[in-house]
Structures are given as structure tokens and as C-alpha cells.
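Taking it in order: structure first as C-alpha cells, then the write-up.
When reading the values below, keep in mind they use all heavy atoms of this one structure, side chains included, and skip hydrogens, waters and symmetry mates. Being a predicted model, the structure only gives us computed values, none of them experimental.
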Amino acid sequence: MGVRVMVVDDQVMVRAGLAAIVDSQDGLDVVGEAGDGEAALELAAEVGPDVVLMDIRMPGMDGLTATARLTAGADPPRVLVLTTFHQDAYVFQALRAGASGFLLKDAEPAELVAAIRVVAGGEAMLSPAVTRRLIDAFATGTVSAAPEGDPRLATLTPRERDVLVSLAQGLSNAEIGAALGIVTGTVKAHINALLPKLGVRDRVQATIVAYDLGLVRPR
């Protein structure tokens, strides 16, 4: 079966364009379209998408609220946020709401398709520009860190903490294994164990938590 994609945007022409791009790709199928967050929640319950392309600014329930509601349910879809807005606040709010990716609407169709496939496969996707702003915000103190003694740290084993730090520094699984002297399969096992302990679903959200907890500082 192909990846089931739902498109959520308040502009009809934008929805149509996104749907056309997605439907033109092998293995990707548009299963529904919605014009606001509330309609998206109702439609998602009916069609069961694997990936939701979510606009942020919409009338009524916005995309951030809808994302949080969608990702809080059982067996939630992956949410890829698309926006024309460059404000950092939207990036942080979307990721903390549970989004698995964030792309600007001026991204090339190939970038959009690649992002859908990445998040559908269980990974996270950020555009390079978004990643740079995210790190810059932590470096300048725009994003506040969690208080000392955060209970999430106590749930991690020493090795899981080492893996989290390496992951947040941008290392691949193979690089983490080489740095810590463990095989790649063990790295994956540690990541799979630490994600639910932190209450996150993927590497990007785990990275945010690592910065929040002060385990990693921007260079």
C-alpha cells in the first residue's frame, strides 16, 4: 500500500497544487483535503492518513492546535508542517506540538515529496534554513532551557544519555556507534528506548529536549 497523505490548507488553490504534486508520485496517495484544523481532525478520523501536510495559519482551529490534537491520539499520523511564515516561534511550537517535519511553502516539489517519504518512514525532516534558525535560537537564548533536575533525565540510563547527547550533536547512528564503541544495532535500540522515556517520537524532538535539558550547547 502507498503512503496515505492528507492535505490541510485554507487556500483551495494551494490544496489543489499540493494534492497534484503528491498524487503524481508513485507510492503516494492523497486520501483527503481539509480547509481548517477542526475539519482536519474529523477527516483524519475517517480516512486514517499516514502523513498530514498541515498549514499553520487557518481560520478557526489553527494548524498548531490541530497538530497537537492529531499527534496526541492513538496510532497518530505523522505531521509535516508547511508554511510561508519564517518566524522561529512557529517552528518551535510546531515541533513541540508533535510535528515530524517543517518545510516552507517555497520548497521545490522534489523536496516536499522527499520530506513526505522521510516522515512516513518514521524519521524527522527540517529544511536547512529552519535547522539553522533552530540552533541559532538556542545559541542566543531565545528558547528557554528546562529547569535543573528535570524528571526526564532521571528516566535515562547513562548510556541512553550518551546516545542522546551524540544524537543532538547531529551524529548518524554509525557515527554514534563509533564514538561510543558500540554497534549500530545497539545505538538504534538505545534510541528506541529513550524516545518514549522523553515523550517524543523522533530524533528532531529528542534533539530539542536535549537542548532544553542543557545536555548540549550550540557551538
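Looking only at side-chain heavy atoms (C-beta outward), Arg15 and Val7 come within less than 4.5 Å of each other. By the 4.5 Å heavy-atom criterion applied to side chains, Asp50 and Pro77 are not counted as neighbours. Proximity of Val31 to Pro49: side-chain heavy atoms (C-beta onward) are separated by under 4.5 Å at one or more points.
In this structure, CG on Leu80 lies 6.5 Å from CG on Leu112, to the nearest 0.5 angstrom. Remark: Met58 CE to Leu64 CG distance equals 8.5 Å, nearest 0.5 Å. If you take OG1 on Thr186 and CD1 on Ile191, they are separated by 11.0 Å, rounding to the nearest 0.5 Å. For the atom pair Asp29 CG and Arg4 CZ, the distance stands at 8.0 Å (nearest 0.5 Å). Here the straight-line distance linking atom CG of Leu156 with atom CG of Leu198 works out to 5.0 Å at 0.5 Å rounding. Here Leu164 contributes atom CG and Arg203 contributes atom CZ; the two are 10.5 Å apart, rounded to the nearest 0.5 Å.
A side-chain donor-acceptor contact under 3.5 Å links Asp23 to the backbone of Val30. With hydrogens and angles disregarded, no donor-acceptor distance shorter than 3.5 Å links the side chain of Thr65 to the backbone of Met61. Here the side chain of Arg78 pairs a donor or acceptor atom with the backbone of Val119 at under 3.5 angstrom. Of the possible donor and acceptor atoms, none in the side chain of Gln25 sits under 3.5 Å from a partner among the backbone N and O of Val22.
Of all heavy-atom pairs spanning Asp36 and Pro59, the tightest one is CB-O, 3.5 Å. Closest non-hydrogen pair, Ala19 versus Glu33, comes out as CB-OE2, 3.6 Å. Smallest separation of non-hydrogen atoms from Leu195 and Ala206: CD2-CB, 3.8 Å. When all heavy atoms of Ala66 and Gly37 are compared, the pair lying nearest together is CB-CA, 3.7 Å. Of all non-hydrogen atoms in Ser100 and Asp202, the two that sit nearest each other are OG-OD2, 3.4 Å. Annotation for Thr67 and Ala99: closest pair CG2-N, 3.8 Å, computed over non-hydrogen atoms.
In Arg117, the CZ atom is crowded: over 12 heavy atoms of neighbouring residues, nucleotides or ligands sit closer than 6.0 Å. Surrounding CD of Glu160 are more than 12 heavy atoms belonging to other residues, nucleotides or ligands, all under 6.0 Å away. For NZ of Lys105, the number of neighbouring non-hydrogen atoms (other residues, nucleotides, ligands) closer than 6.0 Å is greater than 12.
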request  = Please step through side chain to side chain contact (heavy atoms under 4.5 Å, CB included) for the pair Leu53 and Met6, ending with a clear verdict.
outcome  = CA-CA 6 Å; Leu53 302 183; Met6 192 173 84; over 6 Å; no

task = Carefully, step by step, assess Leu167 and Thr207 under the rule side chain to side chain contact (heavy atoms under 4.5 Å, CB included).
result = CA-CA 7 Å; Leu167 180 157; Thr207 297; 3.4 Å; yes

inquiry  = For a side chain to side chain contact (heavy atoms under 4.5 Å, CB included) check, start with the C-alpha distance between Val79 and Thr71, then their side-chain angles and the critical distance, and finish with the verdict.
reply    = CA-CA 8 Å; Val79 177; Thr71 57; 3.9 Å; yes

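A salt bridge is defined here as a Lys NZ or Arg NE, NH1 or NH2 lying under 4.0 Å from an Asp or Glu carboxylate O, and Asp9 with Arg57 fails to meet this definition.
Among the candidates Ile56, Leu41, Val52, Asp55, the single residue satisfying the side-chain contact (heavy atoms from CB on, under 4.5 Å) test with Val8 is Val52. Screening Ile21, Leu103, Val5 against Ile116 for a side-chain contact (heavy atoms from CB on, under 4.5 Å) leaves a single residue, Val5.
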